[in-house]
Amino acid sequence: MKGAFHGTSSSHHTMPASIRAALGPTNTGKTHYALTRMMAHSSGIIGFPLRLLARENYERLVKIKGERHVALITGEEKIVPPGARWFSCTVEAMPLDRKAEFVAIDEIQLASDPDRGHVFTDRLLHARGTVETLFLGAETIRPLLQKLVPGIEIDIRTRLSSLASTGHTKLSRLPPRSAIVAFSMSEVYALAEVIRRRRGGCAVIMGQLSPRTRNAQVELYQNREVDYLVATDAIGMGLNMDVDHVALAQLSKFDGTAPRPLFPQEIAQIAGRAGRGMKDGTFGTTADCPPMSTVLVEAVEQHRFDPIQRLYWRNHELDFTNPANLLKSLTRPPPLRGLTAGRVASDVTTLESLILDPDIREIARGKRATALLWDVCQIPDFRKLGDDSHTRLCARLYTHLVKEGSVPANWMEGHIRGLAKTEGDIDTLMHRLTGVRVCSYVAARTEWSRHSAMWQERAREVEDQLSDALHERLTARFVDRRATTLLRRLDSDGDRTLLSAVKPDGEVLVEGHSIGRILGFTLETDVASGPDRQMILRAGRRALIHEIPRRIRLLQEAPDTAFRLDITTGNVFWDEIPLGRLAAGSSLLRPTIRLFPAEFSDTVQKTLVETRLLAVVVHFIQTELKALHRAYDLAAHEPGLRAILHRLRDDGGITDALPEDHALSPALQKKLRKSGVEIGRFSVFCSALFRARPLALLGLLHALHHGTPFHPTPPGRVSLPWRQIAGQFGWIRASDTGLRLDIAERCIAELHHRVLHHDCIAPPDLASRLGVKADALPSVLKGLSITHQPAEPPSPTHAGPPRPLMILKDRRARASRRRRHAHESANRSGQPMRPDSPFAALAALREKVWR
């Protein structure tokens, strides 16, 4: 029968060849048993469902039998030493024309898979060893095995350990050594990202990974560099790892045509990866996946599943007379009950497309050309781009093979060189790897190339480069070794013995990992938020348990010169490190301080720092505002000045001028002026406070006390547009211009003095002194309620600078003087002003206008 395995005629092979099956759930030692049986024979071939498993078991065989005697055959790799006796293959790549004493097929229940099942069914019906044939798989295929292979001996194997459900578990509470399983790349990436943030990192396993990348990720997990594994259902096929718990993030998957619920036996295949050897395992659901039903849980725990009802089949006796007959023979109906046609495979789809190409039909004549066409159509569509690119690639290769007899070297070189790029993200590298797999498959067909071994080696080199780069990208994205180490130590019983140190530059090391830098009393990490930050802060506080008290002692012993108050922001610095910021306190000149986030272990430490910083701030305020404090000292000796000086101090050096302030006796006013306090038209102010630093400090204190924004004004400026300084301390409004209060008051006082007896021309430097342009002076004077008019009538032909202004006598000023004189006379005589006195009427009018 075409495609069957044929045996040798040796004397000890006179007994009929045995056909046996070892069936049972995962973790029953079936694969180990099959390899042991194969090595007991002089030759053997074993077929695995995945290239990864074929490679893994090839390496196991090499260690036992030696490299010269073991072969590896997959679609992309072909390592066949001349003396090879034991072959590890993928099921599709098993050499059908080679004689072997022993033949085994792993995961034979995959004959029920609608996509690949026909290959497994073909091996079930036709692959035989001359001495022993062994099928490995789930017990669900037992009835069909007994029906399709009469006389087969079936060995039911029991699981070496138990498997129990734990229900639903949150991702953040999954135990270490857990595998989280999803069914799409996007879901795998999302889960891996969550695990990285919450638990420090994970390994990632997907069917699309190359063996080298997959092994590197497995090693990452097996070496306990990470405690979690996020994978697709690829781990359900023969992946033996130290997994204690399997958590399914989904209970449904897309099977190639539509989403469908997972079958109980599929869940058992995946969940069965928990536990190894005699170690028990657990399974459940996680993330947004609901808990499994009781019936489903019992089926998985007890390994009780409905038997497989049918196997997928495709004719293997093909007609190569021409492409049309080939296609017809491929669609022949199954010959036996229990067999059914599967989905149309990609090789048949490619053949159907190529037959429609007139150029292909022209050269595909005869059995040899048709057989070659079918070989080309069987190139797997690893890339799965969803367009006709794979069909076009097959057409091009077939044309080269027919017309030139081999694949051109420049075609192979161009494709391989174009894929040999290690830059890019995870998806880009995985896409390139699928492209390299196509090149590897073509190169592995030794009859298609004159330098097959060279191209295989070249493709393997590029695959290894891409695999290493992919492993690095996966590790960089989904593994935080620092977080993993810290989590283990923090969660262990000995977490109080964390090895930690603080370097002179403030870098904090815990268990050899840098977790951030201590600035002042704040631990700054490279993680802005989330569980990672909380974990790192937790480890950092343990590391700083002795460092923080040491720094507090240094702070308390530091001289005042080691501190600085930034007047523009209100931040308080110690050795140029910000520790906190001023905030509103009990009074304007008594602010409090709000410390920045710090790693204090208790409130006592926080209070010690606050107390020291407040003492520094108080000393700074007293130093900068010493003129105000010196003026206030006058109140202790002059009872008549206590009221005005109390207001002046409470308001921070500038307070509104009240009528009684103007009514002070000349002697008291003289004492005020001597102490640096002036009584102006609008305000009473301490003139020494209008230097740059005191004025900025008072502006900050006022903004904090009243809860208003603070915008420092440029030093040296005496006027600014009012929109820039509206509401700022120490400035008054004059029309659209803001004037510094002390300058405005002095200019007003000078003008009033000039017009005591008659009108006068404005001083030529008045605009300059007020810091405004000459043409803006009229509106500024108007805003200050100073009566004025042009000194000369305007001329229609006049051009050039503005005419000088005439400052007119201010009746309000004269009324104010008369009122003050009346008050002084009344005070000297001890008699109040008469209600009918003209001065009393003027005083009342002045009071009303002022208000």
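Predicted model, so just to flag it, every value in this text is computed and none were measured.
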**Student:** Check whether the side chains of N27 and S161 place a donor and an acceptor atom closer than 3.5 Å, and report yes or no.
**Tutor:** yes
**Student:** Identify the residue among R437, R51, R432 that makes a salt bridge (charged side-chain N to carboxylate O under 4.0 Å, His left out) with E463.
**Tutor:** R51
**Student:** Go through N215 and R212 one step at a time and tell me if the side-chain hydrogen bond (donor to acceptor under 3.5 Å, both in side chains) criterion holds.
**Tutor:** CA-CA 5 Å; N215 290 340; R212 189 179 180 95; over 6 Å; no
**Student:** Could you go through the side chain to side chain contact (heavy atoms under 4.5 Å, CB included) check for L248 and L251 one step at a time?
**Tutor:** CA-CA 7 Å; L248 280 83; L251 290 177; 4.2 Å; yes
**Student:** Quick check: does any side chain N or O of E107 sit under 3.5 Å from a backbone N or O of G137, one acting as donor and the other as acceptor?
**Tutor:** no
**Student:** Would you say D280 and S162 are linked by a side-chain donor-acceptor pair, where the criterion is simply a distance under 3.5 Å?
**Tutor:** yes
**Student:** Kindly indicate, with the supporting measurements, whether the criterion side chain to side chain contact (heavy atoms under 4.5 Å, CB included) is fulfilled by R20 and T133.
**Tutor:** CA-CA 6 Å; R20 302 171 53 245; T133 303; over 6 Å; no
**Student:** Any luck finding a side-chain donor-acceptor pair between Q217 and E219 under 3.5 Å?
**Tutor:** no
**Student:** Check whether any side-chain N or O of N315 sits under 3.5 Å from a backbone N or O of R332 as a donor-acceptor pair, and report yes or no.
**Tutor:** no
**Student:** We want to know whether R310 and S112 form a side-chain donor-acceptor pair, criterion being a heavy-atom distance below 3.5 angstrom.
**Tutor:** no
**Student:** Would you give the length of the straight line joining atom CG of L61 to atom CD1 of I46, rounded to the nearest 0.5 angstrom?
**Tutor:** 8.0 Å
**Student:** Are the side chain of N223 and the backbone of E225 linked by a donor-acceptor contact shorter than 3.5 Å?
**Tutor:** no
**Student:** Check this for me: does any side-chain nitrogen of one of K253 and E266 sit under 4.0 Å from a carboxylate oxygen of the other?
**Tutor:** yes
**Student:** For the OG1 atom of T121 and the CG atom of L110, what is their distance to the nearest 0.5 Å?
**Tutor:** 10.0 Å
**Student:** If I compare all heavy atoms of R159 with all of P25, which pair ends up nearest, and what's the gap?
**Tutor:** CB-CG, 3.9 Å
**Student:** P49 and V91: which non-hydrogen atoms are nearest, and at how many Å?
**Tutor:** N-CG2, 4.2 Å
**Student:** Without swapping roles, check the side chain of W86 against the backbone of M38 for a donor-acceptor pair under 3.5 Å.
**Tutor:** yes
**Student:** Can you check whether E472's main-chain N or O pairs, donor with acceptor, with T475's side chain at less than 3.5 Å?
**Tutor:** no
**Student:** Indicate every side-chain donor-acceptor pair of residues 297-308 with a distance under 3.5 Å to a residue at least two apart or in another chain.
**Tutor:**
unit_1, atom_1, unit_2, atom_2, d
E301, OE2, S165, N, 2.8
H303, ND1, V300, O, 3.4

**Student:** Ignoring hydrogens and geometry beyond distance, is a side-chain donor-acceptor pair present between H471 and T213 at under 3.5 Å?
**Tutor:** no
**Student:** Between atom CG of L124 and atom CZ of R128, what is the distance when rounded to the nearest 0.5 Å?
**Tutor:** 6.5 Å
**Student:** Is any side-chain heavy atom of L401 less than 4.5 Å from a side-chain heavy atom of W448?
**Tutor:** yes
**Student:** Stepwise, does the side chain to side chain contact (heavy atoms under 4.5 Å, CB included) test hold for F382 with V436?
**Tutor:** CA-CA 9 Å; F382 295 119; V436 172; over 6 Å; no
**Student:** For a side-chain contact (heavy atoms from CB on, under 4.5 Å) with I45, tell me which candidate from M94, R85, E101 qualifies.
**Tutor:** M94
**Student:** Is there a donor-acceptor pair closer than 3.5 Å between any side-chain N or O of K78 and the backbone N or O of A443?
**Tutor:** no
**Student:** Drop me the distance from S440's OG to E457's CD, to the nearest 0.5 angstrom.
**Tutor:** 10.5 Å
**Student:** Do the charged groups of D347 and R314 touch, with an N to O distance under 4.0 Å?
**Tutor:** yes
**Student:** Over all heavy atoms of both residues, which pair between I205 and L209 is shortest? Give the atoms and the distance, please.
**Tutor:** CA-CD1, 4.0 Å
**Student:** Can you tell me if CZ on R260 sees more than 12 non-hydrogen neighbours from other groups inside 6.0 Å?
**Tutor:** yes
**Student:** Just say parallel, tilted or perpendicular for the rings of H316 and H126, cut-offs at 30° and 60°.
**Tutor:** tilted
**Student:** Identify each donor-acceptor pair in which a side-chain atom of residues 141-158 lies under 3.5 Å from a protein atom, sequence neighbours left out, and give them as a table.
**Tutor:**
unit_1, atom_1, unit_2, atom_2, d
K147, NZ, R337, O, 3.4
R157, NE, T28, O, 3.2
R157, NH2, T28, O, 3.3

**Student:** Any carboxylate oxygen within less than 4.0 angstrom of a Lys/Arg side-chain nitrogen, looking at E76 and R460?
**Tutor:** no
**Student:** Enter the distance from T232:OG1 to I270:CD1 here, rounded to the nearest 0.5 Å.
**Tutor:** 8.5 Å
**Student:** Check Y221, Y228, F478 against V204 for a side-chain contact (heavy atoms from CB on, under 4.5 Å) and give me the one that passes.
**Tutor:** F478
**Student:** Would I79 and Y58 count as a side chain to side chain contact (heavy atoms under 4.5 Å, CB included) here? Give the steps.
**Tutor:** CA-CA 10 Å; I79 305 173; Y58 162 76; 3.7 Å; yes
**Student:** What I'd like to find out is whether the side chain of T282 reaches to under 4.5 Å of the side chain of L163, using heavy atoms alone.
**Tutor:** no
**Student:** Return yes if some donor-acceptor pair links the side-chain N/O of K30 with the main-chain N/O of L23 below 3.5 Å, else return no.
**Tutor:** no
**Student:** Between E59 and R55, does at least one N-O distance fall below 4.0 Å, as a salt bridge requires?
**Tutor:** yes
**Student:** Side-chain contact, heavy-atom cut-off 4.5 Å: I267 with M292?
**Tutor:** yes
**Student:** Taking the side chain as every heavy atom from C-beta outward, state whether T31 and F48 have any atom pair closer than 4.5 Å.
**Tutor:** yes
**Student:** Taking N57 for its side chain and R60 for its backbone only, find out whether a donor-acceptor pair lies under 3.5 Å.
**Tutor:** no
**Student:** Thinking salt bridges, do E56 and R214 make one under a 4.0 Å N-O criterion?
**Tutor:** yes
**Student:** Main chain of S449, side chain of S452: is a donor-acceptor contact present, judged purely on distance under 3.5 Å?
**Tutor:** no
**Student:** Cation-pi check, R458 to W455: give yes when NZ or CZ is under 6.0 Å from the six-membered ring centre and within 45° of the ring axis, no otherwise.
**Tutor:** no
**Student:** To the nearest 0.5 angstrom, please state how far the OG atom of S210 sits from the CG atom of L466.
**Tutor:** 8.5 Å
**Student:** Taking the side chain as everything from C-beta on, heavy atoms only, tell me whether W313 gets closer than 4.5 Å to H118.
**Tutor:** no
**Student:** I want to check something: taking the side chain as every heavy atom from C-beta on, are H451 and M412 in contact at a cut-off of under 4.5 Å?
**Tutor:** no
**Student:** Indicate the atoms forming the closest heavy-atom contact of C202 with L229, along with that distance.
**Tutor:** CB-N, 4.3 Å
**Student:** Testing the basics here: between A249 and I180, what is the closest heavy-atom pair and its distance to 0.1 Å?
**Tutor:** CB-CG2, 4.4 Å
**Student:** Taking the side chain as C-beta and beyond, is there a heavy-atom pair between S346 and P380 under 4.5 Å?
**Tutor:** no
**Student:** Assess whether a salt bridge exists between R177 and D242, defined as any Lys/Arg side-chain N lying under 4.0 Å from an Asp/Glu carboxylate O.
**Tutor:** no
